[in-house]
Amino acid sequence: QVQLVESGGGSVQPGKSLTLSCAASGFGVGSHCMGWFRQFPGKERESVARENILGGSHVYADSVKGRFTVSRDNAKGLLYLQMNNLKPEDTAMYFCAATLPRYDAGCPPLADDYKVWGQGTQVTVSS
């Protein structure tokens with residue numbers, strides 16, 4: 001059974017940190033493009049951090065550059081999102097997602113192109 005399960009969300013004050021985890025099962029994360037997305041109420045899901053190319057560098061949303069870092073442990077089937085210096089505007093539901101890479105090993109930029117999704121974990125940043 002192909003599945004992604006996120007954890008680590010919560011409520012924190014501005015300036016604090018959180019680490020989100022995503023556990024994959026039923027497929028090899030090393031052979032799939034993996035990414036973190038978030039969704040604000042009433043909005044479409046947007047990319048937070050994703051691979052540019054399978055196994056390559058990551059592309060970060062401008063709003064999180066320098067604050068968020070994505071990492072993965074292929075052997076354990078885990079994807080992480082380290083979020084530092086959190087801001088109220090980071091409040092959203094966060095999702096991890098996976099999809100097969102393109103023929104050139106490139107990873108798609110849009111949420112609609114990702115085929116496997118977790119259930120999401122809520123992050124709330126407020127004082």
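What you see is a predicted model, and the numbers here were worked out from it, not measured in a lab.
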Chemist: Could you note down all residue pairs passing ring pair (Phe, Tyr, Trp, His ring centres under 6.0 Å) where residues 43-71 supplies at least one of them, sequence neighbours left out?
Modeler: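 The answer is none; no pair qualifies.
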Chemist: Around Glu89, counting heavy atoms of other residues, nucleotides and ligands shown, do more than 12 lie under 6.0 Å from its CD?
Modeler: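 Yes, the 6.0 Å shell around CD holds more than 12 heavy atoms from other groups.
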Chemist: Is there a path of hydrophobic side-chain contacts, each under 4.5 Å between heavy atoms of I/L/V/M/F/W/Y residues, joining Leu20 to Phe95?
Modeler: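 No; tracing contacts between hydrophobic side chains, which count when under 4.5 Å, never links both residues.
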Chemist: In Å, rounded to the nearest 0.5 Å, how long is the span from OG of Ser57 to CZ of Arg50?
Modeler: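 Answer rounded to 0.5 Å: 9.0 Å.
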Chemist: Could you identify which residues cluster with Val5, counting Ile, Leu, Val, Met, Phe, Trp and Tyr as linked when any side-chain heavy atoms lie under 4.5 Å apart, either directly or through a chain of such contacts?
Modeler: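 Besides Val5, the cluster holds no residue at all.
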Chemist: Which pair of non-hydrogen atoms, one from Pro109 and one from Ser47, has the smallest distance, and what is that distance?
Modeler: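 It is O-CB, 4.0 Å.
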Chemist: What pairs meet the salt bridge (Lys or Arg N to Asp or Glu O under 4.0 Å) rule with one or both residues in residues 95-118, with sequence neighbours excluded?
Modeler: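 Output for this query lists Arg102-Asp104.
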Chemist: Pair up each side-chain donor or acceptor in residues 116-127 with any protein partner under 3.5 Å, not counting sequence neighbours, and list the distances.
Modeler:
unit_1	atom_1	unit_2	atom_2	d
Trp117	NE1	Tyr114	O	2.9
Gln119	NE2	Glu6	O	3.2
Thr121	OG1	Gly9	N	3.1
Gln122	NE2	Ala92	O	3.4
Gln122	NE2	Thr124	OG1	3.4

Chemist: For residues 73-88, which residue pairs qualify under salt bridge (Lys or Arg N to Asp or Glu O under 4.0 Å), counting only residues two or more places apart or in two chains?
Modeler: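 Every candidate salt bridge (Lys or Arg N to Asp or Glu O under 4.0 Å) pair involving residues 73-88 fails, so no pair, neighbours aside, qualifies.
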Chemist: Working to the nearest 0.5 angstrom, can you tell me the gap between Ser71 OG and Leu79 CG?
Modeler: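 Between atom OG of Ser71 and atom CG of Leu79 there are 7.0 Å.
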Chemist: Donor-acceptor pairs under 3.5 Å, side chain of residues 29-42 to any protein atom, not counting sequence neighbours: which ones?
Modeler:
unit_1	atom_1	unit_2	atom_2	d
Ser31	OG	Gly28	O	2.9
His32	ND1	Gly28	O	3.0
Trp36	NE1	Tyr80	O	3.1
Arg38	NE	Glu46	OE2	3.1
Arg38	NH1	Asp90	OD1	3.0
Arg38	NH1	Tyr94	OH	2.9
Arg38	NH2	Ser63	OG	3.1
Gln39	OE1	Arg45	NE	3.3
Gln39	NE2	Lys43	O	2.9

Chemist: Could you list all the disulfide (SG to SG under 2.5 Å) pairs where at least one residue sits in residues 51-80, not counting sequence neighbours?
Modeler: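 Found none.
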Chemist: Working to the nearest 0.5 angstrom, can you tell me the gap between Met83 CE and Leu18 CG?
Modeler: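 CG of Leu18 is found 4.5 Å from CE of Met83.
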Chemist: Please enumerate all residues that pass side chain to side chain donor-acceptor pair (under 3.5 Å) together with Ser17, with sequence neighbours excluded.
Modeler: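 With sequence neighbours excluded, Ser17 shows a side chain to side chain donor-acceptor pair (under 3.5 Å) to Asn84, given in chain and number order.
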Chemist: Which other residues end up in the same hydrophobic cluster as Ile53, if Ile, Leu, Val, Met, Phe, Trp and Tyr are linked when side-chain heavy atoms come under 4.5 Å apart?
Modeler: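 Ile53 shares its hydrophobic cluster with no other residue.
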Chemist: Side-chain heavy atoms under 4.5 angstrom apart, residues restricted to Ile, Leu, Val, Met, Phe, Trp, Tyr: same cluster for Val12 and Leu81?
Modeler: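 Val12 and Leu81: one cluster.
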Chemist: To check you understand the geometry: which heavy-atom pair defines the closest contact between Leu4 and Ala98, and what is its length?
Modeler: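 Closest approach of Leu4 to Ala98, heavy atoms only: CD1-N, 3.9 Å.
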Chemist: With sequence neighbours left out, which residue pairs that include part of residues 56-66 fulfil the salt bridge (Lys or Arg N to Asp or Glu O under 4.0 Å) condition?
Modeler: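 Residue pairs with at least one partner in residues 56-66: Asp62-Lys65.
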Chemist: With sequence neighbours left out, what residues match Glu51 under salt bridge (charged side-chain N to carboxylate O under 4.0 Å, His left out)?
Modeler: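 Once residues adjacent in sequence are excluded, the partners of Glu51 under the salt bridge (charged side-chain N to carboxylate O under 4.0 Å, His left out) criterion are Arg72.
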Chemist: Which residues pass the side-chain contact (heavy atoms from CB on, under 4.5 Å) test with Ser7, sequence neighbours left out?
Modeler: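 Testing Ser7 for side-chain contact (heavy atoms from CB on, under 4.5 Å), a comparison that skips the adjacent residues, returns Ser21.
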